[in-house]
Every structure is written in structure tokens, then in C-alpha cells.
Visitor: 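Structure provided below as C-alpha cells; questions to follow.
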Amino acid sequence: MGITIAVHSSKGGSGKTSFAINLAFAYVSEGKNVCLVDADLKAPSLFNYMFPDSERWLNDVLEGRCGIRDAILEVEDTNTLPGSLCVGYCNPEIESVREMSGKDRKWQAKALKNIMNAKKELFSSGTDVLIIDTGPGVDFTSVNAIAAADYVVMVTKPDKSHQKYMEQVIEGIYIPLTKPYGVIMNKCHSNSPMSISGVNESGVPVLASIPCLCDVAIRGDTEVLTISEPDHPFSKAVFTVVGAIDECLSGE
Amino acid sequence: MTIDNSNEEIVRLLKEISGKLDRILMQGSSNIEPENGIFEVLDVMTLLTLPDHLRETATSLFELGSATAEDLAKKTHKERAVESNYLNQLVRMGHVVKNRSGRKVYFSIGEGLGK
């Protein structure tokens, strides 16, 4: 049985999508068959990166119009790597985003069921790791993804607004749903008292603290650092998280 | 009224009281006021408002899809009778439906049945 990881953030702009992409490739480089899906229905972003174009969307899976295998594409650039990668996107057309924004609770309940079915379909066809790049904050689509996950990686920034909301999301969502989780402090500055790894004062497990590095943002659109530069501090942090997730889930 | 009829009436009243208690429990754990006293659908936000024991059962049922009380008990490491009780509470709340297949009773998350 495979594992499902939701990459989440309490607020936007934390570097969640970059982290999700690098996490996916880190698993691929370790020989895993990975499926990376963009579940940010209101602000899709994964299609902007270096992946192939698609005309099939996760929206159709959530609507129950097709199975997940019909809505994902294999990334052929991973042929030289030990594992494989498939990607799935949300429809970025504004009409679709608007339509998704208007969905009611009944639709969201069915969407969660369809996500659970998608997991089963993927794992039964050889996927080892499903990574869901969620929308930020606490809306239906992001909480649905968290509910479907075996582990939640929260990517956050070490400023007060991110920190305060992070604790609320952990207390109000992750813990009630009994999801194991770990936090990535991204874009840290050396003089920030919150830029630490370990367990912080609130008891929150911080898996890694990543310095604020301009080259991560600049190179992130065209290359995957965990592949092109595995010894980069950002890449090392990602591999640390892979180890922490494996340790956590294998101990259950 | 015969003894059998009296017993049936007592069972009916007990079920009615149990259902009302479930609803009081739900309203006590949430500020959301359900329409007609019943939540029509178990979405993830409603899931978060459930008491801990029912939330664990409902979350496990989401993961299993369709399951018997025994399947749930294996996943949650509780007694089968306890899970059966929790599942039936969720049925009375309208969140879960149950179907009989042969001698087994399968539970699954409802789709807005409101009953």
C-alpha cells in the first residue's frame, strides 16, 4: 500500500509548490513511483513549471467524470531516474476556477469520496507515493486533501502571522483528523528566533529550517534542485523530510 | 396493550430518545445549526465538528469506503460492539448508511440522504 502526503501551508507564499515538486523528485530519485497532483482548485500553479501540458484535469476526477489514471500524465524526463513520476493538474481556466469556487458542501463530500477512490486506483496500479500540493489555508479543497493524507507537511515561514495561524491549523485541523505532521520553516533568516529545527516552544515538530536563498526561487522554475544539486541546502532539507516521513509512517 | 406491544413501544421510544441525544450532542459540539435538526451530508468540515469518538469512526469509514463494524474495529482497535454503536449513532445522524448483504451489515458514508 502506498503513502499519501499532503503538502500544505497556513498561508500563501510559503514555497509550498516548490517544496512539493522537489519532494516528489526526491522520492523518484530513491526509486519510488510517484504521483504529484495540484489540488489548489482556486489558484492552480503546478502547470506553470517544467511539466508537460495537459488537457485533462483533476477537476474531472473530483466531479466523478473520470478516474485518476485518465487525468494524469507521465513525466518522461524522469526516464534516467530510478523511479517514475506522473503529474495531474487542476484546470487553470478562469471559468473552471469560478465553477469550483461555487461548489456546495454536498459536492465537497462527494469530492472527498472521489479522492479516496483515486488513491485506491493509483496504489493498485503501482504508485508508491501520492503527493498532493494543496491550496493554502483552511478551505474545503485543502482540508479534503489533508483528510485523505497519511502525513501532512506544512511549509511555513518564520514570521509571526504564519506562526500564529500555523498553530491554529495544527490544533483545529491536523490534530482532530489525527494526522501525523511535520513543519518546514522555509525562507528563514539567520537572526530569526523561529528559524530552528527540532521541536519549537509550542511543541510543534520542525523537520527542517531552510535558509532564505534567492537561487531557490530563481532556479526553481526551470530545474529541480533535488536532482540537479542534491547537496544544495534546500535539497538536503527535502531529503531530511523524506527520511522523517518514512520513519514516522513505518513506526505506525 | 399486550406485553409484546409494550416492549415494541419501549424500544421505539428508546430509539427516539437515543436519536434526540445524538442531535443534542452534535449541537453541543458545534455552532452550526443543522436544517430540520439533521445534518444532510458528512463533509470534512462537519467531520471536524463531531465528538472525538465519532470522528475517528467516520474518518476510518472514509478510508475504508464500505465496511462492517468488525472491519472498523480492526482499524480503530476498539471492540466490535463499540464500533457498531458508534456507526449506528452516525446512521441516526444521517451521516452514514447501512446495507445488509447476506448476514453482514455494511456501513458507508451517506450522500445527503438526510435521514
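Each chain gets a letter, A, B and so on, in the order the sequences are listed, and its residues count up from 1. Note that this is a predicted model, so its numbers are computed, not measured.
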Visitor: Under 4.5 Å heavy-atom distance to chain B, tell me which part of A:Lys120 shows up: side chain, backbone, both or neither.
Guide: side chain
Visitor: Looking at every non-hydrogen atom in both residues, tell me the closest pair between B:Ile109 and A:Lys113 and how far apart they are.
Guide: O-NZ, 2.6 Å
Visitor: Only heavy atoms, only distances under 4.5 angstrom. Which residues in residues 65-76 of chain B are near chain A?
Guide: B:Gly65
Visitor: Non-hydrogen atoms of chain A under 4.5 Å away: do they reach the side chain of B:Leu61, the backbone, both or neither?
Guide: neither
Visitor: Can you tell me how far the CG atom of B:Leu42 sits from the CZ atom of A:Arg105, to the nearest 0.5 Å?
Guide: 10.0 Å
Visitor: With a 4.5 angstrom heavy-atom cut-off, could you sort out which part of B:Glu63 is near chain A: side chain, backbone, both or neither?
Guide: both
Visitor: Return yes when atom CZ of B:Arg80 has more than 12 non-hydrogen atoms of other residues, nucleotides or ligands closer than 6.0 Å, and no otherwise.
Guide: no
Visitor: Mind checking which of residues 136-144 of chain A sit less than 4.5 Å from chain B, heavy atom to heavy atom?
Guide: A:Val138, A:Asp139, A:Phe140, A:Val143, A:Asn144
Visitor: Answer yes or no: does atom NZ of B:Lys104 have more than 12 heavy-atom neighbours from other residues, nucleotides or ligands under 6.0 Å?
Guide: no
Visitor: Considering only residues two or more places apart or on different chains, which pairs with a residue in residues 2-26 of chain A satisfy salt bridge (charged side-chain N to carboxylate O under 4.0 Å, His left out)?
Guide: A:Lys16-A:Asp133
Visitor: Please give me the minimum heavy-atom distance between B:Val44 and A:Ala147, naming the atom from each residue.
Guide: CG2-CB, 3.7 Å
Visitor: Using only non-hydrogen atoms and a strict under-4.5 angstrom cutoff, which residues of residues 170-179 of chain A touch chain B?
Guide: A:Gly172, A:Ile173, A:Pro176, A:Leu177, A:Lys179
